[in-house]
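So that the names make sense, note that chain A is the first sequence line, chain B the second, and so on, each numbered from 1.
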Protein chains: 2
Amino acid sequence: MAIPRAAKTQRRTRIQEEKEEIILEAALDVFSVSGFRGSTIDQIAEVAGMSKPNLLYYFRTKEAMHRALIDRVLFTWLEPLRAFDANGDPESEIRSYIRRKLEMARDFPRESRLFANEMLQGAPHVEDELRGPLKALVDEKAEVIRVWARNGKIAKCDPYHLIFSIWSTTQHYADFDVQVRAVLGPEHSGEGRFEDAARYLEQLFVDGLRIRGPHG
Amino acid sequence: MAIPRAAKTQRRTRIQEEKEEIILEAALDVFSVSGFRGSTIDQIAEVAGMSKPNLLYYFRTKEAMHRALIDRVLFTWLEPLRAFDANGDPESEIRSYIRRKLEMARDFPRESRLFANEMLQGAPHVEDELRGPLKALVDEKAEVIRVWARNGKIAKCDPYHLIFSIWSTTQHYADFDVQVRAVLGPEHSGEGRFEDAARYLEQLFVDGLRIRGPHG
DNA sequence: GGATAATTTGACCGATTGGTAAACATTACA
DNA sequence: TGTAATGTTTACCAATCGGTCAAATTATCC
């Protein structure tokens with residue numbers, strides 16, 4: 001007898017792998033723009049190029065699709081912070097963290113917007129992950145920064161708000177892309193704006209955190 | 001013969017003023033969380049405490065409601081930037097701009113989220129305003145900052161990205177409030193977090209933009 | 001090639017969507 | 001107070017929503 005839902009099979013078929021990939025790709029397109037409530041299965045089905053019942057064969061509900069997407073995105077989204085090295089040089093660690101986050105905003109803007117949409121709606125689907133794994137990771141890295149400040153390697157500052165400010169400034173170029181382009185005008189809306197942003201942000205954070213000399 | 005829609009009347013009734021206010025207040029509640037597509041007239045009607053056809057008597061369509069709301073919010077949202085004074089002291093101007101923006105994130109988070117939602121969706125309803133009045137205002141203030149930098153009053157920096165970074169860091173506390181609370185934990189989720197943020201951000205921007213002494 | 005499992009589709013369901021029509025109630029004003 | 005304009009509600013509409021079902025099609029494996 002046939003098992004009606006692919007999700008329940010033991011071994012994943014080649015077709016399953018492929019189709020689920022296509023679906024999640026389409027779902028990312030749609031969810032990242034309209035959020036969960038504002039997106040429809042029909043929209044996703046159209047982008048994915050398959051029928052709605054066919055989508056629902058792979059993901060039983062709209063929620064399941066969103067869930068799978070969020071889980072995947074959340075993991076890769078934290079990669080740059082995980083790579084933040086306690087043993088590295090503070091200045092270059094912060095510098096390369098900013099670079100990595102900015103690269104992600106440039107290369108994966110949909111993922112950033114999906115996450116932003118979820119936050120705006122009060123994180124109804126991921127609050128547990130925020131309070132659990134996310135908080136744990138941030139706590140760990142915040143402690144690293146605190147030690148750097150205590151040892152005089154960087155200026156004293158609230159490590160949590162430092163992390164928030166790096167998040168917000170970098171993700172801004174993905175989430176508020178339309179606004180950035182509108183303000184910069186068409187002549188500065190090429191990919192070069194990410195380089196400009198990188199230069200500015202590195203200056204801001206590095207100078208802002210540098211220990212001040214007697215003339216500072 | 002009766003004019004069927006209040007919007008077409010010449011003089012605004014007392015009832016019109018009151019009801020439209022109530023509706024926009026309710027619409028702000030709903031739109032700021034779910035975005036345009038994700039919000040329903042029924043939701044807004046329920047929050048407003050009136051029937052759906054009654055809502056539609058004051059605003060003919062969901063779009064009209066959203067439009068009215070966006071127009072109002074966009075104007076007040078730019079107040080702090082308008083107040084940015086070219087003749088003031090650079091350091092204290094930037095400092096108070098950050099404070100004002102942070103106060104707005106604290107006191108009007110729904111307005112911030114409404115705006116963020118619109119940006120995430122690609123600004124389908126306000127792209128003209130972004131390219132027009134918003135860009136004009138930013139251009140003007142960016143020129144002020146550029147002159148300050150040229151005259152050696154602050155460090156050289158890209159004025160547009162400076163403005164972007166102030167926007168993003170301050171609005172973060174409204175738009176990503178859930179995340180901020182989750183990471184800081186319940187013990188630091190009181191209103192004090194805005195004071196902490198203000199202290200941190202002022203340090204970051206003022207030190208980051210201060211002209212460096214020979215030991216900097 | 002045939003049996004069996006996996007995949008796809010069209011037809012359909014009840015609930016909800018944005019919005020309307022017209023009857024009804026209330027207000028403002030002479 | 002009467003009446004015309006304004007405001008409110010009930011009932012309703014077609015379209016779309018998330019999701020189901022059974023039949024049809026395709027892939028897999030002996």
Check: Q16(B) has a side chain; which of dT8(D), dG7(D), dT8(C) sits nearest to it?
Finding: dG7(D)

Note to self: Tell me every residue that passes ring pair (Phe, Tyr, Trp, His ring centres under 6.0 Å) with F31(B), counting only those two or more places apart in sequence or in another chain.
What the structure shows: F36(B), H66(B)

Note to self: For F75(A), is there any backbone N or O sitting under 3.5 Å from a side-chain donor or acceptor partner on R82(A)?
What the structure shows: yes

Next item on the list: Identify whether the distance between the nearest side-chain nitrogen and carboxylate oxygen of R146(A) and E143(A) falls below 4.0 Å.
Entry: yes

Margin query: If the condition is ring pair (Phe, Tyr, Trp, His ring centres under 6.0 Å), which residues does F194(A) pass it with, not counting sequence neighbours?
Written below: none

Next item on the list: Nearest whole angstrom, please: distance from the P of dG18(C) to the NE2 of H66(B).
Entry: 13 Å

Checklist line | Residue pairs passing the ring pair (Phe, Tyr, Trp, His ring centres under 6.0 Å) test where at least one lies in residues 127-146 of chain B, sequence neighbours excluded | finding: none

Next item on the list: Please identify each residue that fulfils side chain to side chain donor-acceptor pair (under 3.5 Å) with E118(B), with sequence neighbours left out.
Entry: H125(B)

Please write out the pairs of protein N or O atoms and N or O atoms of nucleotides 9-14 of chain D separated by less than 3.5 Å, giving the distance to one decimal.
{"unit_1": "dT9(D)", "atom_1": "OP2", "unit_2": "S51(B)", "atom_2": "OG", "d": "3.3"}

Next item on the list: Could you list the residues that satisfy ring pair (Phe, Tyr, Trp, His ring centres under 6.0 Å) with F108(A), not counting sequence neighbours?
Entry: none

Checklist line | Given dG19(C), dG19(D), dC17(D), the nucleotide with the shortest approach to the side chain of L56(B) | finding: dG19(C)

Notebook entry, point to check: Which residue, D42(B) or I15(B), contacts DNA chain C at a nucleotide closer to its 5' end, judged by nearest heavy atom?
Noted result: D42(B)

Next item on the list: Residues of residues 24-38 of chain A with any non-hydrogen atom less than 4.0 angstrom from an atom of DNA chain D: list those, numerically ordered, please.
Entry: none

Item checked: Of the listed nucleotides dG18(D), dT17(C), dT8(C), the one nearest the side chain of T40(B) -> dT17(C)

Notebook entry, point to check: Can you tell me how far P of dT17(C) sits from NZ of K62(A), to the nearest Å?
Noted result: 11 Å

Notebook entry, point to check: Could you give the CD-to-C1' distance, from E17(B) to dG7(D), as a whole number of Å?
Noted result: 15 Å

Check: To the nearest angstrom, how far is E46(A) atom CD from dT16(D) atom P?
Finding: 12 Å

Notebook entry, point to check: Quick one: side chain to side chain donor-acceptor pair (under 3.5 Å) partners of E195(B), sequence neighbours excluded?
Noted result: R99(B)

Check: Mind checking what makes ring pair (Phe, Tyr, Trp, His ring centres under 6.0 Å) contact with H188(A), not counting sequence neighbours?
Finding: none

Notebook entry, point to check: How close or far is atom P of dT7(C) from atom CD1 of I22(A), stated in whole angstroms?
Noted result: 13 Å

